[in-house]
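Read the structure below first, then the notes.
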Protein chains: 2
Amino acid sequence: MPEISLAERGDAVREATEYGERDSARAGDDIKSAVDIGAHLLKLRKSRGLTLQEVSALTGVSASAFSKIERNELSPTISTMQRIAQGLGVELVTLLTDQDNSVGAFGGRRSISRAGAGSRHTTGTCNNVLLCADLKNKRATPILTTVTARSPDEYPAWAKSEAEIFVMVQEGTLVVHSRLYEPLELNKGDSVYYDATTEHTWTSKGPTNAVVLWVLVDL
Amino acid sequence: MPEISLAERGDAVREATEYGERDSARAGDDIKSAVDIGAHLLKLRKSRGLTLQEVSALTGVSASAFSKIERNELSPTISTMQRIAQGLGVELVTLLTDQDNSVGAFGGRRSISRAGAGSRHTTGTCNNVLLCADLKNKRATPILTTVTARSPDEYPAWAKSEAEIFVMVQEGTLVVHSRLYEPLELNKGDSVYYDATTEHTWTSKGPTNAVVLWVLVDL
DNA sequence: TAGAAAAATGTCTTATACGACATTTTATGT
DNA sequence: ACATAAAATGTCGTATAAGACATTTTTCTA
């Protein structure tokens, strides 16, 4: 029955291509839904101007299998995905991660915080102003912080997170304490970029509180 | 020929299990070699105190299959990996990525840029100072820029990249031009966070050049 | 436009992933 | 130490992924 088979194929391709509608349609899934590997591979192959036979030679995966994977007619095993990644010289995860997804989730949006404005959050040791807090799903979180602590002991626990941190001092003198380094003094205009996975904390030095602009970049 | 098949599988299991030795042994491979999914899953399951039957109930993958996957006796299909990821409430990529890798690649490092110091890069429209440029593999790039352009027309092409941008004005008045929005004026202390995938560019307004601190966050 | 070449897809066979259930191994209590 | 239960692993039948080759579709070229 070639006609029915063709009709089915047409639908499958359309579904896979009209990517945006898929996610929104499936409301039940909590976890980020499947990326379409097929479309991803097709785009990658076309972008390099390769034919199925060429990609087959590169990866060791047969042209027919590759074709079916591109059209989502089968779910490849991890081992074949690894051969494909190897043959195309890309990381396996890039084949399984739809970069358009993350971009699309954010695409075109923006948020503005005027001087002095922002979502405030005060602790015993710091006054934090979350900038552009209304914008969700950001890759990084910009924060303006006034550090009131004068000693690391004032903190019940040092900070530690799966992130990277960039800090630039706007006013005063900041001291960055870390388990790995000696205390680091930063004055106005100085900046530091460091790994937040090792425990760290901040204090002010001198008569005024340090004001720092920092960006937390999630890993 | 079932004997040969079994023998091959036995070797594959041993190779896959002795994970640490694999990387160093196979010198020919350029691409990051496979993470061991089996060990990864085993660790994840044990860390939650789940039995194979429990994890089977959660994921819909049979206990025996799960056991074989953990011991690398078979290469699961993407669809079963998706079921596992869903059932355990984790992203698929985290199962395929060795998290020690990404964190470890950066772990504990840091870089300091003193006020006025940094790697300079000047164009006709901007003077850029890359901060903490000696630190590689950062997730974000902090830059201090003096914008000399007064009109968007001075740019041969508007900027566009797979990234997000956070900007805070340090001095002067910055105007952010975008294909999606009206020009946005930002004064000292104002900040904006926006998607860099749509074309955009910056100009200064007024007698002095705007000085902005911005962070480019790669996607 | 017709014919040839190349590329993509379909068909069928083989290899292998997956699930149901049996067996072995490990934990637990008396 | 033994009996019992629970967990993990092995066995085998079924479903499906992957490869070899045939067929259809598309792309070139004259």
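FYI, side chains are in, hydrogens and waters are out, and symmetry mates aren't considered; it's all heavy atoms of this structure. Numbers restart at 1 for each chain; the letters A, B, ... are given by sequence-line order, proteins then strands.
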- Separation of atom CG in B:Asn72 from atom P in C:dC18, rounded to whole Å: 13 Å
Please list, pair by pair, any protein nitrogen or oxygen found under 3.5 Å from a nitrogen or oxygen in nucleotides 4-6 of chain C.
none

- Rounded to the Å, how far apart are A:Phe66 CZ and D:dA18 P? 12 Å
- Task: Taking side-chain hydrogen bond (donor to acceptor under 3.5 Å, both in side chains) as the test, write out the residues that go with A:Thr201, two or more places apart.
- Result: none
- Query: Partners of B:Ser204 by side-chain hydrogen bond (donor to acceptor under 3.5 Å, both in side chains), sequence neighbours excluded?
  - Reply: none
- Report yes if a side-chain nitrogen or oxygen of B:Lys46 is closer than 4.0 Å to either non-bridging phosphate oxygen (OP1 or OP2) of D:dA7; otherwise report no. no
- Query: Which residues satisfy the side-chain contact (heavy atoms from CB on, under 4.5 Å) test with B:Leu42, sequence neighbours excluded?
  - Reply: B:Arg45, B:Lys46, B:Glu70
- Message: Let me check the geometry of the helix from C:dT1-D:dA30 to C:dT30-D:dA1. What is the bend angle between the axes at its two ends, five pairs each, to 10°?
- Response: 40°
- Assert yes or no for the condition that the ring centre distance of A:Trp202 to A:Trp158 is strictly below 6.0 Å. no
- Query: Whole-Å distance between C:dA7 C1' and A:Arg48 CZ?
  - Reply: 20 Å
- State which residues pass salt bridge (Lys or Arg N to Asp or Glu O under 4.0 Å) with B:Glu199; sequence neighbours excluded, sorted by chain then number. B:Arg179
- Any residue meeting salt bridge (Lys or Arg N to Asp or Glu O under 4.0 Å) with B:Glu185, in chain and number order, not counting sequence neighbours: B:Lys205
- Return the value, rounded to whole Å, for the distance between atom CD1 of A:Ile84 and atom P of D:dA18. 8 Å
- A:Lys138 side chain to A:Cys132 backbone, donor-acceptor under 3.5 Å: yes
- Query: Does B:His200 have any ring pair (Phe, Tyr, Trp, His ring centres under 6.0 Å) partners at least two apart in sequence or in another chain, and if so, which?
  - Reply: B:Tyr194
- Item | All side-chain hydrogen bond (donor to acceptor under 3.5 Å, both in side chains) counterparts of B:Arg83, not counting sequence neighbours | none
- Let me know the distance between CG of A:Leu42 and P of C:dA7, rounded to the nearest Å. 15 Å
- Which residues pass the side-chain contact (heavy atoms from CB on, under 4.5 Å) test with B:Ser67, sequence neighbours left out? B:Leu52, B:Arg71
- Query: B:Arg83 has an atom CZ; how far is it from atom P of C:dA17, in whole Å?
  - Reply: 14 Å
Extract from the structure each pairing of a protein N or O with an N or O of nucleotides 9-13 of chain D at less than 3.5 Å, listing the distance.
residue	atom	partner	partner atom	Å
D:dT9	OP2	B:Ser67	OG	3.0
D:dG10	OP2	B:Arg71	NH1	2.6
D:dT11	O4	B:Lys68	NZ	3.0

- Item | A:Arg48: side-chain hydrogen bond (donor to acceptor under 3.5 Å, both in side chains) partners, not counting sequence neighbours | none
